[in-house]
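One structure is given here, and the rest of the page talks about it.
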Amino acid sequence: MTRNLNKTYDPTGFEKRIYEEWETEGCFRAEIDEDRKPYTIVMPPPNITGQLHMGHALDQTLQDVLIRWRRLQGYCALWLPGTDHASIATEVRVADELLAREGKTKEEIGREAFLERVRAWKELYGGRITEQQRRLGNSCDWERERFTMDEGCNKAVVEFFVRLYEKGLIYRGKRMINWCPVCGTSLSDAEVEHEDIAGNYWYIHYPSADGGKGIVVATSRPETMFGDVAVAVRSDDERYKDLIGKDVILPIAGRKIPVIADPYPDPKKGTGAVKITPAHDPNDYEVGRRHGLPEIVCMNFDARMTDEAGQYSGMDRFECRDAWVKALDEGGYLVKTERVSIPVGRCYRCDATVEPMLSNQWFVRMETLAQPAIAVAKDGRLSHVPERFEKIYLHWLEDIRDWCISRQLWWGHRIPAYYCETCGEITVAREKPHTCSACGGGAFRQDEDVLDTWFSSALWPFSTLGWPEKTPDLSYFYPTSVLVTAYEIIFFWVVRMVFSGLECMGECPFEHVFIHGLVRDSSGRKMSKSLDNGVDPIQVIDTYGADALRFMLVNGSSPDSDMRYSEDKMESSRNFANKLWNAARFVIMNSDDETGSEDDFAPDEAALRPEDRWILLKVNEAVAEITRNMEKFELSLALQKTCELIRDAYCDWYIEMVKERLYGEDEDLKRAARSVLVAVLSDLLRLLHPYMPFITEEIWGCLGKDGRLIADRWPSYDEGMRERYAEDSAKIETAMGIIRAVRNIRAEAEAPPARKLTVTVVADDAAQADIIESTAGHIERLANVSSIVALVSGASETRTKIPEEAMTAVVSGAEIYVPLDDLLDFAAERERLAREKEKLEGEIKRLSAKLANEGFVSKAPQAVVAKEREKLAKAEDNFAKVAARAEAIRDK
RNA sequence: GGGGGCAUAGCUCAGCCGGUUAGAUCGCUUGCUCGACAAGCAAGAGGCCACUGGUUCGAAUCCAGUUGUCCCCACCA
């Protein structure tokens, strides 16, 4: 049974229905099947706070294309979805809401009450994004959906933490860390974004304690002066040699601090003398440690000054800076101010300026963990697509510092460390301990902090498959096949998954990292909330359909660069869908009896006509190329080829050629044409399905096929076809050349389109003439020609039969004459011939020069030289023909 | 301070492991309601492939440099 299609493509009419059918029929489910190879992708989990944006749409479309393609190829394809608890982002969001609605801070309602609200919030909004993903057409296995804070992931996180701790790879200590005063938490290095801003170097005079001339230091952060404990210079710096060991006075504050010698200062930067503030600068911290200097904290975690800042105590850091500079200036200590660009670190979540602060935190020791992760990239067990990202990956790992994993937040995995209430001893354990191993006490307090969100994301490729349990899923689906993600996320996530996977599983969590760019707006700007230039994928789907969106995203994306969104692109994508829709309508309307349950058709070789072989061969060759492209992750190229095949080969040529038979009376001819139409369309649908799953499935259903397209098979390449079909295929190509030439002549001469033309063709030889005769039907029909006469070049009667006054064209293997009686325009013909001559002259000149070149003839491969010779001969031949024609009608 | 990408038709982009007459979409021009499709069809205009050198018989393609542009990394005197 077939269903008829509506005249116009309307995706809203079927996308939702089809998705529901797939889901209820279990089409996305990956059942372990030892007879088949697994193909696994774990989805980068979107934040529960998130709405689906264009970045997700691109990321997930690429994954769905790969999954659907491999599923068609017969792999046991698992795409595992999930969401991320997004510690900071969610906590900030819920806290903001609490403040806005009830005027309370999270501290005021307390930890448990706050977490209760976050959980409620998650229940309410956490599922929203997964509904949006369904609109996109994601064929992920929803029954395996996970959440980074569900029971299993939680267990994995604790297990990983304890194991690393037991191996000495996790430690707690007071270190210089990045602190976000607005979010109120520490950050890892990856979470700090660097930016150059316009700032100042303030040159400040520190007077000498013994009445000497003192020393001038430059600083961009004068408010940290209250934490100064020394001024450092290089021991070999002639300017300051005499001061080493002496004291200088901290201006206004009046505190005495020593001038010390240290290799850290760079004599070329600033004044060559550096103020040392160990509690507020990572370099100074190191210097301070080397010299046993005190660490004076002059700024609190809320970025307000401490009592060390005297009268500025309690003041905001930047207000203090202004006031303090003013005071220094008035006191005569400010030597000069220099406008410079200053690099600052910003919090990746809230954009606040990060402060280096001394704080007790938990860290992962990275050196030993990084080594295997470096090795897998170098020895090829992990490959980056495109390749150049490997360098970025390696550079980060080779330069890595310890990872600060504790966060002063509430929403997240709480650190499994317990402090004895009696003696303070730390116990790290899977469960809360009963007795303290140090003092035997029984009362414990769990660490207040939670873990960095990325600590749990790092385990995603195996925690979602059951780790630390040895589940069947884990052994079958791990390691996964490919990780698809934006380049932004390499450091946060990819690197950490690799070393965690190697540590826990002994195997790299994925074979390939497929990296794509960002989706920007139509003028190339990053889509952002502040610019309000974001485009909502759901609205785009409502307007154009999910297939059109997916088409646009893949077609426009090359792996390593950003792409732009535009309405124009959406329209042309939708138009393509409409084109396919109508082609399918045509096939269905004409093939009522032929479609149905039997698998495609059994082509009766003998019944095939040249155009049938031409299109079958065309598709066959394309299958090989497209498959190769997809294996190399060249999805956009593969899609372009599929698209070209559908639009150009199938719609514009094959369907037009086949109409002759369909509208004729001969039932046998009709049947063959119909079966090829359906067979080719079926393969085209298979090729396009990964990219445009809805429309292809809908058409598939209307063809009355057994089963779903999603569960069908990828077309296979027939190696012998080229040899079998090449001859017929070439006939069609010849006819196409003639059709194009006649159309061109008609347009040039501005002949009335409805007017039938008579065409005389002079073929190079008898065989060619036969070919042209045999395809005369196509030429007549597609070029609107009433009769065609094929002559053989050089044959005795040929000369007499060539129309005296005609427009001509030269195609491969033949000359074409259209009598001017049909066209009535000599001037146009002369002009056209002149242009043709000029073009051929240029080509002859170029080719002759090339062949006259000794070097070329002797050094280039013989095949290339022969090809060029052939081209030249043909061009010269054509030129002679054109010149003769031009001469013949010179005076008409 | 270090590293990388990009520069091709009016726009957005392909092509780039060397050898075609350098392609596509949108836009533009002309013509066309002919029994799938005007969300269409046919024909056409439009490019010193950023610049300068080099390698080569041959460069949009490989190499070096220049300019412009975007990005990433970097403990910020």
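Throughout, a chain's letter reflects where its sequence line sits, starting with A, and its residues are numbered from 1.
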Name the pairs: protein N/O against N/O of nucleotides 55-62 of chain B, kept only if under 3.5 Å.
from, atom 1, to, atom 2, distance (Å)
C57(B), OP1, Lys859(A), NZ, 2.1
C57(B), O2', Asn853(A), ND2, 2.5

- Message: By nearest heavy atom, map Lys871(A) and Gln640(A) onto RNA chain B; which one lands nearer the 5' end?
- Response: Gln640(A)
- Examine distances only and state if a side-chain atom of Arg746(A) and a backbone atom of Ala783(A) form a donor-acceptor pair shorter than 3.5 Å. yes
- Task: State which of C41(B), C37(B), G4(B) makes the closest approach to the side chain of Arg388(A).
- Result: G4(B)
- Task: For the residue pair Tyr663(A) and Glu665(A), confirm or rule out a side-chain donor-acceptor distance under 3.5 Å.
- Result: no
- Looking at Asn555(A), does any N or O in its side chain come under 4.0 Å of the phosphate oxygens OP1/OP2 on U25(B)? no
- Item | N/O (side chain, Asn575(A)) to phosphate O (OP1/OP2, G40(B)) under 4.0 Å | yes
- Write down the distance separating the C1' atoms in U55(B) and C62(B), rounded off to the nearest Å. 8 Å
- Item | Tyr544(A) six-ring centre to Lys569(A) NZ/CZ under 6.0 Å and within 45° of normal | no
- How many Å lie between CD on Glu390(A) and P on G3(B), as a whole number? 18 Å
- Query: What nucleic acid atoms does Tyr9(A) come within less than 4.0 Å of, heavy atoms only: base, sugar-phosphate, or nothing?
  - Reply: base
- Counting side-chain heavy atoms from CB outward, which of A36(B), C73(B), A39(B) is closest to Ala583(A)? A36(B)
- Measure the distance from OH on Tyr650(A) to P on C37(B) and round it to the nearest whole Å. 15 Å
- Query: For Tyr264(A), which contact category applies under a 4.0 Å heavy-atom criterion: base, sugar-phosphate, or nothing?
  - Reply: base
- From C37(B), C71(B), G44(B), pick the nucleotide closest to the side chain of Arg520(A)? C71(B)
- Task: Ignoring backbone atoms, establish whether His395(A) has a side-chain N or O less than 4.0 Å from OP1 or OP2 of C73(B).
- Result: no
- Which part of the nucleic acid, if any, lies within reach of Tyr663(A) when heavy atoms closer than 4.0 Å are counted: base, sugar-phosphate only, or nothing? base
- Task: Pick base, sugar-phosphate or nothing for Asp399(A), based on heavy-atom distances below 4.0 Å to the nucleic acid.
- Result: nothing
- Note on the structure: So CD of Glu868(A) and CG of Asn853(A): to nearest 0.5 Å the spacing works out to 11.5 Å
- Would you say Lys391(A) reaches G3(B)'s phosphate, i.e. side-chain N/O to OP1/OP2 under 4.0 Å? no
- Message: What contact category does Arg525(A) fall into here, base, sugar-phosphate, or nothing, at under 4.0 angstrom with non-hydrogen atoms?
- Response: nothing
- Query: Is there a donor-acceptor contact under 3.5 Å linking the side chains of Glu193(A) and Tyr348(A)?
  - Reply: no
- Message: When the C1' atoms of G10(B) and G53(B) are compared, how many Å lie between them, rounded to an integer?
- Response: 32 Å
- Query: What interatomic distance, in whole Å, is found between C1' of G15(B) and the corresponding atom of A59(B)?
  - Reply: 14 Å
- Message: As a test of reading the structure: which of A36(B), U12(B), A43(B) is closest to the side chain of Lys569(A), going by heavy atoms?
- Response: U12(B)
- Item | P spacing across the pair G54(B) / A43(B), given as an integer number of angstrom | 43 Å
- Message: Students often get this wrong, so: under 4.0 angstrom with heavy atoms, is Cys643(A) touching a base, only sugar-phosphate, or nothing?
- Response: nothing
- Note on the structure: Where RNA chain B forms runs of at least three Watson-Crick or G-U pairs (i with j, i+1 with j-1, under 3.5 Å), the stems are B:1-7 with B:67-73, B:28-32 with B:40-44, B:50-54 with B:62-66
- Let me know the distance between CD1 of Ile655(A) and C1' of C41(B), rounded to the nearest Å. 13 Å
- If you check the Arg564(A) side chain, which of A74(B), C72(B), C13(B) turns out closest? C13(B)
- Message: Counting the atoms with a prime plus P, OP1 and OP2 as sugar-phosphate, which does Arg846(A) contact under 4.0 Å by heavy atoms, base, sugar-phosphate, or nothing?
- Response: sugar-phosphate
- Message: Is it the case that atom CD in Glu733(A) sees more than 12 heavy atoms from other parts of the structure closer than 6.0 Å?
- Response: yes
- Tell me yes or no: between the side chains of Ser636(A) and Asn555(A), is some donor less than 3.5 Å from an acceptor? no
- Give one of base, sugar-phosphate or nothing for Lys659(A), where a contact means two heavy atoms less than 4.0 Å apart. base
- Message: If I pick the C1' atom on C71(B) and the same atom on G19(B), what distance separates them, to the nearest angstrom?
- Response: 35 Å
- Task: Would you classify Thr8(A) as touching base, sugar-phosphate or nothing, given that sugar-phosphate means primed atoms plus P, OP1 and OP2, and contacts are heavy atoms under 4.0 Å?
- Result: base
- Message: Taking the P atom in each of C49(B) and A22(B), what is the distance between them to the nearest angstrom?
- Response: 11 Å
- Message: Just to be sure I understand the rule, does Val217(A) reach a base, reach only the sugar-phosphate, or reach nothing, if contact means heavy atoms closer than 4.0 Å?
- Response: nothing
- How far does the C1' atom of C37(B) sit from the matching atom of A45(B), given to the nearest Å? 27 Å
- Span that lies between the C1' atom of C11(B) and that of C72(B), in whole angstrom: 28 Å
